[in-house]
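All values below come from the heavy atoms of this structure, side chains included, with hydrogens, waters and symmetry mates left out.
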Amino acid sequence: MLSCLSLVHHSHVRIAADGGQQHTACGMSVADQFVEPGLFAEEAGAATCVSCRRASAPHGRDTGTATSSPPQPKAALRLLFERINDPCRADGLAALLGGGLADRVSEQRLQRLHELFPGWRATIRDLIAEGTTALARYRVDCVDTCGLTGSTGPLHKTDQAVIFRFSDHRITQIEAIVDDFGLWAEC
């Protein structure tokens, strides 16, 4: 687990900034008012936070010493949802995704998602994490202009659940859960 001492004694890798918050590769969010000179390293390899270096290195591996800090799945998923909700801010996705996911979840694919479903926005309703696995239940609100979800026109709302698996502080596997009972209720 990361502590306040980690913030004070280490330089971190900044992966995104939004709404008065600076997000680090190790999963911390720091309010702009608390950002001091030297808090963020100029290059990922220069960061003294081992968790940040590991999360931002290719394939999530750091050549430095091993870290005892566990991954921060909840913070990573909140940041992932923020990035997916706004395709203009897809920066930082590579630092969150590992395995083959970084190649499959590109800025162009996010742009296409938002073109097909204007107003697409996912809102996390429940977030449970244990070890290197997390479950997110979320609601998607959007307009389906093409009828791809079976209804066209006004706002389309649907609840979804997904299991995320982490390795080396990155999301490496995503599994959607099909709600059979919800499907039966709609028939």
Side-chain angles (χ1 to χ4, degrees), residues 1-4 6-7 10-35 39-41 43-44 47 49-62 67 69-111 113-114 117 119-142 160-176:
M1 176 180 264
L2 295 170
S3 69
C4 294
S6 176
L7 179 63
H10 293 290
S11 61
H12 298 271
V13 175
R14 178 183 5 223
I15 60 172
D18 67 279
Q21 296 285 319
Q22 304 292 321
H23 301 283
T24 67
C26 64
M28 289 194 303
S29 293
V30 182
D32 288 344
Q33 66 193 36
F34 300 114
V35 173
L39 179 62
F40 298 110
E43 295 181 13
C49 173
V50 175
S51 296
C52 278
R53 283 198 330 257
R54 175 175 291 208
S56 60
H59 304 294
R61 289 189 172 76
D62 178 27
T67 178
S69 299
Q72 302 292 324
K74 287 184 177 182
L77 288 178
R78 286 186 186 103
L79 193 54
L80 175 70
F81 276 75
E82 288 176 17
R83 296 295 171 255
I84 292 174
N85 283 337
D86 186 354
C88 297
R89 296 181 49 232
D91 60 321
L93 278 176
L96 295 171
L97 304 173
L101 289 178
D103 296 331
R104 294 193 320 250
V105 182
S106 66
E107 189 172 340
Q108 294 79 17
R109 291 186 100 174
L110 289 179
Q111 291 287 345
L113 171 72
H114 286 270
F117 300 98
W120 193 93
R121 179 159 184 78
T123 305
I124 297 174
R125 301 183 89 179
D126 296 301
L127 190 54
I128 302 167
E130 184 175 322
T132 59
T133 303
L135 170 79
R137 280 193 37 216
Y138 60 95
R139 166 164 247 143
V140 173
D141 298 306
C142 65
Q160 299 179 13
V162 176
I163 296 173
F164 296 87
R165 291 195 181 12
F166 290 76
S167 177
D168 293 324
H169 300 271
R170 291 183 175 194
I171 302 164
T172 56
Q173 186 179 8
I174 299 173
E175 288 178 50

Task: From CZ (R78) to CG (L96), nearest 0.5 Å - done: 13.5 Å

- [ ] Measure the CZ-CG distance between R121 and N85 for me, rounded to the nearest 0.5 Å.
- [x] 4.5 Å

Open item on the list: With a 4.5 Å cut-off on side-chain heavy atoms, are I171 and L77 touching?
Closed with: yes

Open item on the list: Can you give me the closest heavy-atom contact between H12 and T24, atom names plus distance?
Closed with: CB-CG2, 3.8 Å

Open item on the list: Rounded at 0.5 Å granularity, tell me how far CG in L127 sits from CG in L135.
Closed with: 8.0 Å

Task: CZ-CG distance between R137 and D126, expressed to the nearest 0.5 angstrom - done: 4.5 Å

Task: Considering all heavy atoms, the nearest V35-F40 contact - done: CG1-CE1, 3.8 Å

Open item on the list: Give me the atom names and distance for the closest heavy-atom approach of T172 to G99.
Closed with: CG2-N, 4.0 Å

- [ ] Answer whether the closest heavy-atom distance between the side chains of D32 and Q22 falls below 4.5 Å.
- [x] yes

TODO: Could you tell me which non-hydrogen atom of R170 sits nearest to which non-hydrogen atom of G98, and how far apart they are?
DONE: CB-N, 3.7 Å

Task: Interatomic distance, I84 atom CD1 to Y138 atom OH [nearest 0.5 angstrom] - done: 8.0 Å

- [ ] Answer whether the closest heavy-atom distance between the side chains of F34 and L39 falls below 4.5 Å.
- [x] no

TODO: Could you check if a side-chain atom of L80 sits within less than 4.5 angstrom of a side-chain atom of L97, using non-hydrogen atoms only?
DONE: yes

Open item on the list: Could you check whether atom CZ of R109 has more than 12 heavy atoms from other residues, nucleotides or ligands sitting under 6.0 Å from it?
Closed with: no

Task: Distance, nearest 0.5 Å, that separates CD1 of I174 from CZ of R165 - done: 11.5 Å

Task: Side-chain heavy atoms of F164 within contact of T133, under 4.5 Å - done: no

